[in-house]
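Have a look at the structure below, then the notes.
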Amino acid sequence: TKVLRHLHSTLKLDEKEMSKLLKKSPKILNQKYDDTSLDGYFARLDFWKAVANNAHTDFKKFLLRHPHFMSCSIDPKDPYSMPNKIEYLKNRFNITDEQVAKQIYSFPNFTGLDISEENPRNIDKKAKKLNKIGFTDEVIGKNLKALGAPLQKLKIRYMICKNYGMADS
C-alpha cells in the first residue's frame with residue numbers, strides 16, 4: 001500500500017487511473033517501497049522518469065501507458081536490464097537517448113528482445129535477418145518496432161512498399 005499511496009500522492013492519480021494501473025500491471029504491488037538498492041522502487045521511478053523526460057512525455061502519462069516497465073530490472077550489473085538494453089540499442093543502431101525513449105514510449109514491443117548472443121530472440125540476430133530483406137541499420141534505428149514484429153509480415157509490407165512506390169519507413 002505504501003507504493004500505491006506514494007504513486008497516488010506524487011503523480012496525483014485519481015481512482016480510475018489507479019484502477020487502470022493495477023489492472024495493467026498488478027506486479028506493481030510487489031514493489032518494495034523501502035528498497036533503496038540500485039534496482040529498488042525509487043531507483044526504478046527515477047530511471048523511468050528520465051526515459052519519459054527523454055521522450056518529452058509526462059511521467060504520469062508514461063507510467064499509465066506502460067506500468068509493466070516498473071517490473072523490469074534497471075540494475076547496471078544485470079546484463080539484461082533495461083539500461084543495458086537501451087545502451088546496446090543506442091550503440092548498435094547509432095541513435096540517441098531521445099530517439100530510443102520516444103520509440104519505447106510509442107511502441108515498446110522490441111524491449112522484450114534479449115541482448116544475449118546465446119538467446120535466439122537476440123536483437124542482433126533479428127537485425128541481421130532484417131538486413132537480409134533490405135532493412136538497413138539506419139532504417140531499423142528509426143523504427144525499432146520492426147525488431148519486435150514477425151519477420152514474414154515485415155517482409156511482405158516492405159515488398160509492397162518497394163513495388164508500389166510507397167515510403168518504406
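None of the values given here were measured: they were computed from a predicted structure.
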Q. Any link between Val139 and Leu130 through a network of hydrophobic side chains (Ile, Leu, Val, Met, Phe, Trp, Tyr) touching at under 4.5 Å?
A. yes

**Report entry** Under 3.5 Å donor-acceptor, Gln103 side chain and Gly141 backbone
**Finding:** yes

Test item: side-chain donor near acceptor, Thr136 and Glu138, under 3.5 Å: no

Whether Asp39 and Lys77 form a salt bridge (side-chain N of Lys/Arg under 4.0 Å from carboxylate O of Asp/Glu) is what I want to check. no

inquiry  = With heavy-atom distances below 4.5 Å as the criterion, would you say the side chains of Thr96 and Asn54 are in contact?
reply    = no

**Asked** Does Lys24 use its side chain to pair, donor to acceptor, with the backbone of Leu64 at less than 3.5 Å?
**Response** yes

| Does some side-chain heavy atom of Asp137 sit less than 4.5 Å from a side-chain heavy atom of Asn94? | no

Q. So with a 6.0 Å cut-off around NZ of Lys142, is the heavy-atom count from everything else above 12?
A. no

Separation between CG (Leu13) and NZ (Lys16), nearest 0.5 Å, reads 13.5 Å

Shortest non-hydrogen pair, Lys90 vs Asp97, comes out as NZ-OD1, 2.8 Å

### Query
Lys102 side chain to His56 main-chain N or O, any donor-acceptor pair under 3.5 Å?
no

Rounding to 0.5 Å, atoms OG (Ser106) and NE2 (His66) come to a distance of 7.5 Å

Less than 3.5 Å apart, any donor N or O on the side chain of Glu17 or His8 sitting next to an acceptor on the other? no

Report yes if the side chains of Ile104 and Phe69 come closer than 4.5 Å at any heavy-atom pair, otherwise no. yes

Smallest heavy-atom separation, Lys27 atom then Ser71 atom, equals CB-OG, 3.4 Å

**OP:** Show your working on side-chain contact (heavy atoms from CB on, under 4.5 Å) between Thr111 and Met82 and close with a plain yes or no.
**Re:** CA-CA 8 Å; Thr111 60; Met82 286 305 291; 3.7 Å; yes

CG (Asp14) and CE (Met18) are apart, to the nearest 0.5 Å, by 9.5 Å

Quick one: does Asp34's side chain get under 4.5 Å of Lys2's, heavy atoms only?
yes

Practice problem: Kindly work out whether a path of hydrophobic side-chain contacts (I/L/V/M/F/W/Y, heavy atoms less than 4.5 Å apart) joins Met70 to Tyr33. | Solution: yes

* Taking Arg44 for the side chain and Cys72 for the main chain, is one N or O donor matched with an acceptor at less than 3.5 Å? -> yes

To the nearest 0.5 Å, atom CG of Asp124 lies from atom CZ of Arg92 at 4.5 Å

Using the ring of each side chain (for Trp, its six-membered ring), is Phe62 parallel, tilted or perpendicular to Phe59, with breaks at 30° and 60°? parallel

Next on the checklist: Just so I know, are the side chains of Lys129 and Ile133 near enough to count as touching, which here means a heavy-atom distance under 4.5 Å?
Outcome noted: no

| Heavy atoms, side chains only, cut-off 4.5 Å: are Tyr105 and Lys61 in contact? | yes

### Task
Run the numbers on Val100 and Phe93 for side-chain contact (heavy atoms from CB on, under 4.5 Å), then give the verdict.
CA-CA 10 Å; Val100 173; Phe93 299 107; over 6 Å; no

* Do Phe42 and His6 make the cut of ring centroids closer than 6.0 angstrom? -> yes

*Taking it one step at a time, do Leu22 and Leu4 satisfy side-chain contact (heavy atoms from CB on, under 4.5 Å)?*
CA-CA 9 Å; Leu22 289 172; Leu4 294 177; 3.8 Å; yes

Inset, instruction - Under the side-chain contact (heavy atoms from CB on, under 4.5 Å) rule, what do Leu63 and Leu7 come out as? Steps first, then yes or no, please. - result: CA-CA 10 Å; Leu63 183 64; Leu7 290 173; 3.9 Å; yes

### Query
Is it true that a side-chain atom of Asn53 and a backbone atom of Lys49 form a donor plus acceptor pair closer than 3.5 Å?
no

request  = Verify the cluster assignment for Phe47 and Leu38: are they in a single hydrophobic cluster under the rule of side-chain heavy atoms below 4.5 Å apart?
outcome  = no

Distance col, row Asn109:CG vs Lys145:NZ, nearest 0.5 angstrom, shows 9.0 Å

Can you check whether Pro76's main-chain N or O pairs, donor with acceptor, with Ser81's side chain at less than 3.5 Å? no

- request: Return yes when atom NZ of Lys125 has more than 12 non-hydrogen atoms of other residues, nucleotides or ligands closer than 6.0 Å, and no otherwise.
  value: yes

_Quick one, Ile95 and Leu144 - any side-chain contact, counting heavy atoms below 4.5 Å?_
yes

Q.
Hydrophobic clustering (ILVMFWY, side-chain heavy atoms < 4.5 Å, transitive) - are Phe135 and Phe107 grouped together?
A. no

Check: Asp78/Asn84 side-chain N/O donor and acceptor closer than 3.5 Å = no

Interatomic distance, OG1@Thr10 vs NZ@Lys12, rounded to 0.5 Å, equals 7.5 Å

